[in-house]
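Proteins get letters first, then strands, A, B, ... in listed order; numbering begins at 1 in each.
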Amino acid sequence: MMIRFRFLFLTACMLGAAVQAFSIFQTADASTQATPSKSNLKSTGATKSDSPAQLVTANSKTRVKATSAGWVKLAGGETAAVVRFEIENGWHMYWENPGDSGAPPLAQLSAIPGWNLLEPIFPRPSILKTVDDTEFVYNNSWEWLLPIEGPAGASPPACSFDLSWMVCKENCEIGRGRVEFAAATGDIPPVGAVRLGRSLATLGATATFNSNDQAITISGDVGKSANATSKNSSATTAQFIPAIMPGVSLQSTGPFPATVANEKFTLNIPIEIQPQNALGKPLVFKGVLLYGQSDSDRCEIIRLPLNIKVSQP
Amino acid sequence: MKHSRLTALLTSSALLFGAATFAMADDTKKDKKHDKAADTTDTKEKRVKVGEQVPNFSMTDVNGKTMQFSDFSGKTVVMEWVNPGCPVCVAVTKGGLVTKMIADAKAIDPNVVFVMVNSTAATANDPKATATYLAEHKVMANAEVIDGSGVIGKMFDAKTTPAVYVIDSKGTLVYGGAFDDSSDRGSTPGKTNYVINALTQLKAGEKVSPDKTKSYGCGVKYAKSQNG
């Protein structure tokens, strides 16, 4: 049985050293919004300050500086806080799937009645390969989107995010900090109006699950990517890196390179369904397609529900 | 004449017996060497996956004492990868999660064996640091193993500290992956400790589920092999 999904992808990418992105997806029959984050980090109480956005506290040992970069409006209508990380030279932070080791940053919205933090949106990572490991990382600086949802029509109030992150070089350190955001006033700029959103596009890659072969096929057009990317880009390749997918096992950490011919690419990724490892969550194949080789090239989020029922643990 | 014939017969018999004995002994030696080589080859090349039998392998503890995995035959074995220099490993250890896990595990299965392994090259060369680290945090393991060559770690494909593996009493790897489902890398305990989950299911005669999760933590920085 071939199940075919077509998604509307809003993609993420980066210009220069700073990568940025966001994405939502839409199935043929329904628009799906990111689910609220269920972080277990302890709440620290509401912050009512209207002071300018600033970094309030940080672990002095950490190699990372986290600051507010204001609010943006996402294409789906949500508002997102933009946290900018600046990382000490030679150190790196992690994408949502760190790869063979590491851990992504975590965020907890200060307790403000009626407001919730949705699933954070990570920009395109770099691939860090060593003899033993493959990791998906950020170097230098990057911006993280923290979408929040609240009462209909309400503008985001002043709030703060408690952050923690792992930053590594030869060794790793855990850093913590709180970033405060002033209440959003006036028109919130669309994500496309700020640096991180300049290169957003819908590239229309498709992902299908062939249950007979137990494989995912992703296909698309690298030409679209090249056209949609900045003028300096030559995105003639595509590769897929997987997100964390409980219950879906791949043969390796990735990346999985695509075969490109006449600007069309196809990627076949064998998967092993392991319902016992789904942790009671729906089985979803997800990750990001990286067009081109440069960190400033485009990327596109792939999210494919596998429609296989799993029992609760 | 008769006497000399008898002597010759006895002498040649003794020589034959001696030669045969020597040959057998040599063969036994060769077999032992072969077995050892086979063990080494297995350990170096084979990566054990969940559901597979764990081959025997040698371990050297923090005091330089050598032991065999087969020494724990018939018992459930939990292996945890540790690194005193990893803040995530320190978080679960210093926070008491490891000692709690061991206590909870012993309550389920008093015979369960805990083996702490340090495969991180930079710290594995300092056995005392690992021993002190575990002692300071009252981690009472059955063995504290230094795996400086990374042979054991690579056999289990241990990528992070902490990563845990559970081998049942029949020697089958039944769980591999994260220590628990902590949402903040072990700073606060998760709802489920996967080792306790596995031991509970083993005791109930159930299939271990989940049997594989994504481990979190610092990467195990293995020693660079001669082949690069």
Original post:
How long is the span from the OG1 atom in B/Thr120 to the CG atom in A/Asn171, to the nearest 0.5 Å?
Top reply: 9.5 Å
Original post:
So which of A/Cys172, A/Gly99, A/Pro98 has the biggest tally of heavy-atom pairs under 4.5 Å with chain B?
Top reply: A/Cys172
**OP:** Would you sort out whether B/Lys214 and A/Asn97 count as a side-chain contact (heavy atoms from CB on, under 4.5 Å), showing the intermediate values?
**Re:** CA-CA 10 Å; B/Lys214 180 162 178 56; A/Asn97 175 7; 3.1 Å; yes
Original post:
Which pair of non-hydrogen atoms, one from B/Gly217 and one from A/Met166, has the smallest distance, and what is that distance?
Top reply: C-CE, 3.9 Å
Original post:
Is the number of heavy atoms from other residues, nucleotides or ligands under 6.0 Å of B/Lys138 NZ greater than 12?
Top reply: no
Subject >> Part of B/Thr161 within contact of chain A (heavy atom distance under 4.5 Å) >> reply: neither
Original post:
Hey, is CD on A/Glu170 packed in by over 12 heavy atoms from elsewhere, all under 6.0 Å?
Top reply: no
**OP:** Provide the closest heavy-atom pair for A/Ile174 versus B/Pro87 in the form atom of the first, atom of the second, distance.
**Re:** CG1-CB, 3.7 Å
Subject >> Validation row: B/Ser183, A/Leu106 side chains within 4.5 angstrom (heavy atoms) >> reply: no
**OP:** Heavy-atom pairs under 4.5 Å with chain B are the metric here; pick the option from A/Pro246, A/Ala103, A/Gly102, A/Gly247 that has the most.
**Re:** A/Gly102
**OP:** Provide the closest heavy-atom pair for B/Lys159 versus A/Ser101 in the form atom of the first, atom of the second, distance.
**Re:** O-CB, 3.8 Å
Original post:
Out of B/Lys154, B/Lys221, B/Lys224, which one pairs with A/Asp132 under the side-chain contact (heavy atoms from CB on, under 4.5 Å) rule?
Top reply: B/Lys154
**OP:** May I ask you to check whether over 12 heavy atoms, not counting those of A/Asn89, lie within 6.0 Å of atom CG?
**Re:** no
Subject >> Side chain / backbone / both / neither for B/Tyr194 at chain A, heavy atoms under 4.5 Å >> reply: side chain
Subject >> Shortest non-hydrogen separation from B/Thr160 to A/Asp100 and the atoms involved >> reply: CG2-O, 3.5 Å
Original post:
A/Thr130 versus chain B, heavy atoms under 4.5 Å apart: side chain, backbone, both or neither?
Top reply: neither
Original post:
Where do A/Asn277 and B/Asp211 land on the side-chain contact (heavy atoms from CB on, under 4.5 Å) test, with the steps shown first?
Top reply: CA-CA 7 Å; A/Asn277 296 328; B/Asp211 57 22; 2.8 Å; yes
Subject >> chain A contact via B/Lys212 - side chain, backbone, both or neither, heavy atoms under 4.5 Å >> reply: both
Subject >> Contacting moiety of B/Cys86, where chain A heavy atoms sit under 4.5 Å >> reply: neither
